[in-house]
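Bear in mind the structure is a predicted one, so any value in this text is a computation, not a measurement. Throughout, a chain's letter reflects where its sequence line sits, starting with A, and its residues are numbered from 1.
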Amino acid sequence: MEKIKVSIVEDIDEVRESIGKLLQGSDKFTLTSSFTNAEQAEKSLPNQQPDIVIMDISLPGRSGIECLQKIKERCGGTQFIMYTIFEDDEKVFEALEAGASGYLLKKTPKEKILESLNELHEGGSPMSTQIARKVIEAFQRRKMISEEERSLTKKEKEVLDLLAKGFLYKEIADKLSITINTVKQHIHTIYEKLHVTNKAEAINKIYVKK
Amino acid sequence: MRKRSAHLIAYSFFCLITTAQTDRTSFDSTWFENYFSRQTTIRELNDPASYDSLELVKTIAEKQNYYPAICKYHIAKASWHLSKKMTDSAITSFQIAIDIAEKQKLEREGSNAYLGLANLYQFNGNTIDAAKNYLHAASLLKDLGRKRLLIGLYRNLLTIFTRLKQKNGSLNNMLSAVVTSKSNESDLIKIINTKNSEDEGLNFPDQSLVKEVGADIIYVILGGAKFKVQNFETMASYGASRDVQRIPAGTLNAIPDMPRNGSLLMELHGDPKVYFVKDGLLYHVYSPEVLENYGSWDAVFFTPTGSLKNFSKATQQVTAENVNTTFNIKQEFDNLTDSIRLELEKNTLLSNELSKKMAERNIALQNRKVLLLASIAGALVLLLIAFFLYRNLRQRKKIYRQQMSSLEKEKQLQQYHAVTNAKEEERNRISQDLHDDLGAGITRIKFLSENISEQLQNDAEKTELVKLKDSANELVEKMSEIIWAMNEKNNSWEDLVFYLRSYAVEYCNENKLNCKFQVPDQLPQALASGETRRNVFLILKECLHNIVKHANAKNVFIKIHFSPAFEMTIQDDGTGFKMNGHSQKGNGLINIQKRIKNIGGDISIIDHTGTLVSFTAPL
């Protein structure tokens, strides 16, 4: 089985090295490249096309979000995972809106990082109460695009609402009589729809400018 | 039917009379003369049969075109109208008689009609029309040689002349009053009304007894002149005490004193002579033949006893020889009628002048009124303008003040915004610093400690490093909480409630505690300050920490309620706080109480089955 190619953009040496070691030691993942800033990553990543990019948000020059925005279109098959200290950060949401598939907290113990990466790769995404609230707001804000693209399914809405009210995945699964994995799948779809709406909005903006 | 039978009765009555008078059945002038001399007194006419005969006679006269009779009929009809107090009809009847007489040159009937009409006007106080009709009557009577009538008319003309002079005098007064008066319209109207009613109250029939109110002397009116009544005995010759008319004071001034020219006077008792008055002198009329010239006995006025002795008497007597030189009635008549004509002309002139002046005066008044109205309107307009100017000024002032205050407010708002912006910026900067520098630093510590611990063999040392790593993680968490509380975007109670739920459930989950968290469906829209949010969160955190560390509980039940203050109940099924006297718990409690005090809330801790912590915070 081919190993999942992972690339990391992180300015703190210890963190980068630690994650690198962790990935090298696993039999599922392989570290293909690592960058200390956004500029280097922008140059190389479109050519490398890794499966997953672990992207730190606060980088010395351009931020991880700017970097993501620049190369996302050129990295079709790449999933971007934001690597952040605070999960209720405004910036996490910005990144998710810009096309990130999920986020990973830096406080996460090493043992759990690989598990999370695997989950993310398979389509599961974490979403905190604060992020959920911001996602709801984002969907209410987007009115330029068609109803179909904009709207979430009834189930997705329910999941999102419960998340925003501080419910855990487990509680949501119990409440809606679905499995935790289905909850995660819903959240993944929500993120994707968030990207779509974002893209549509961007296209709209360009079109209007012309 | 009834009318016809009445006519028949009248006709038979009429036939009876005629047969009684003459044997002739034809109606000639003599017959009519006789009829009218006998049948046309008022008393006769008030008998219905007699009245009907009058109408019948008229029909006969009309058939024969005998105009003197027709004329006489109308005069009689006028008298009848007068007896019924139908003045207007009477005037019309007289007028018809006059028209016929003028057309047919009937001087006798014409003079009678004119006299009747003149008397009527005089009685009603219409001096001018009376004078005019008297003049007509005079011109017809003058040459007829009816001396008795003539002398009566002469006396009437004298009265009318006096009246005219008085009237013209008052007209003159009015004229000057109108010209010079500054009086207002209502006063002028009063003057006009006086003008129209000036003659009223001055007409007293002969032998009237009058007494002015407030005066002692009783007068008797004879031939339009007044005599003092000397005593009650004399008065009795004219009437009783009850016949004395009380008249307004000053009325008698208008009635001339005797003697008047052309009058024949004789005392009731005492002086047995008949006197004729001329130029204020009394002439003794020598014989009844002479008396005939002045109107005979009928024309003699019987004056109060002893009243004539005070008058001057002429030495000359009126005899057959000098009767025409002493008093040429025709000449006197001409003089008098000329004077009356003059007075009438004067009256017309004065009346016209007065009307003109009144009209001018009215126009002036009207103009003054217009001017007054115009000035009132002008004043009103000015007032309005002033009012609007004032209001405008006030509004401008108000607007100015509002602008000033709004400017000030804007300034304050700007300042406020500047301050909040500065605060916000400061917050963002702190967040950024926490995030970038502190966050990165702590992360580095964490990863370093992990790297080192992997290389170490000593377990004790490893444990120490794990502690270091946990502290680092805890630091990150706390920083995360601070950043959340500082973020203005999470400032509603709703945000807080969901954050609390999210934290509590996850914390319990991590610590193998069964957590039930109850939130109301409706959450208030009010905002919660950063301090409140932070304190409420930290209280919950402290409580949950205590439960995990000390209570040995399996279940936690958390309930949030708005009543309308924020109210939170945290209940566990642990050992209760009395069971453990740890100082650590004491510190936690003190912390909680301090935080509650900070946000102005209240807390109660009950030892239930487990512990029940309940606290409130105002919205």
Side-chain angles (χ1 to χ4, degrees), chain A residues 8 10-22 25 56-60 63-64 83-93 104-113 126-134 136-137 160-172 174-175 180, chain B residues 428 431-432 434-454 466 469-470 472-485 487 489-490 492 494-510 515-517 519 521 523 558 560:
Chain A
I8 182 164
E10 167 66 67
D11 61 324
I12 303 171
D13 298 339
E14 288 80 11
V15 176
R16 198 175 57 246
E17 283 162 19
S18 182
I19 296 296
K21 262 189 208 165
L22 183 72
D56 184 23
I57 288 178
S58 51
L59 292 167
S63 75
Y83 200 38
T84 179
I85 305 166
F86 308 109
E87 78 168 325
D88 53 341
D89 199 331
E90 193 85 24
K91 282 173 177 149
V92 175
F93 175 71
L104 204 58
L105 293 178
K106 286 187 179 170
K107 72 169 184 183
T108 312
K110 259 186 188 170
E111 317 82 67
K112 279 203 172 175
I113 286 178
M127 195 186 273
S128 72
T129 301
Q130 277 65 51
I131 301 289
R133 291 176 73 75
K134 284 189 181 106
I136 290 173
E137 276 171 28
L160 197 57
D161 283 345
L162 287 170
L163 269 173
K165 284 179 181 174
F167 283 78
L168 299 181
Y169 287 11
K170 204 182 100 198
E171 287 178 295
I172 294 169
D174 288 349
K175 246 189 144 77
I180 288 179
Chain B
N428 286 345
S431 296
Q432 198 68 41
L434 283 174
H435 194 280
D436 292 352
D437 301 342
L438 281 173
I442 294 161
T443 309
R444 209 167 157 200
I445 291 168
K446 184 203 148 200
F447 277 90
L448 264 173
S449 64
E450 272 177 356
N451 287 349
I452 294 166
S453 103
E454 274 165 23
V466 167
K469 189 189 82 183
D470 285 348
N473 279 339
E474 209 175 304
L475 258 176
V476 169
E477 249 172 55
K478 278 185 179 165
M479 272 166 59
S480 172
E481 285 152 17
I482 290 167
I483 289 167
W484 176 82
N487 192 344
K489 281 176 184 161
N490 309 320
S492 74
E494 195 181 29
D495 284 309
L496 174 62
V497 168
F498 295 151
Y499 187 73
L500 292 175
R501 188 188 198 289
S502 162
Y503 171 82
V505 173
E506 200 168 324
Y507 183 80
C508 292
N509 198 40
E510 278 168 18
C515 177
K516 246 186 110 182
F517 201 108
V519 176
D521 290 338
L523 294 169
I558 302 167
I560 287 173

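- Only the side chain of E171(A) comes within contact range of chain B, with heavy atoms under 4.5 Å apart.
- Contact record, S18(A) with N451(B): OG-OD1, 3.7 Å, taken as the closest heavy-atom pair.
- To the nearest 0.5 Å, atom CZ of residue F447(B) and atom NZ of residue K106(A) are 7.5 Å apart.
- Heavy-atom distances place the backbone of T108(A), and not its side chain, under 4.5 Å from chain B.
- Taking CG of L163(A) as the reference point, atom CZ of F498(B) lies at 12.0 Å (rounded to 0.5 Å).
- Interface remark: of the candidates D13(A), L168(A), I12(A), D56(A), L168(A) forms the most heavy-atom pairs closer than 4.5 Å to chain B.
- For N509(B), the part lying near chain A is the side chain, with the backbone staying farther off; criterion is any non-hydrogen pair under 4.5 Å.
- Taking CG from L105(A) and OG1 from T443(B), the interatomic distance works out to 10.5 Å, rounded to the nearest 0.5 Å.
- Judged by distance alone, the side chain of K110(A) and the main-chain N or O of E450(B) form no donor-acceptor pair under 3.5 Å.
- Side-chain contact between V519(B) and K165(A) is absent, with no heavy-atom pair separated by less than 4.5 Å.
- Comparing L500(B), L448(B), V497(B) by heavy-atom pairs within less than 4.5 Å of chain A, the highest count is held by L448(B).
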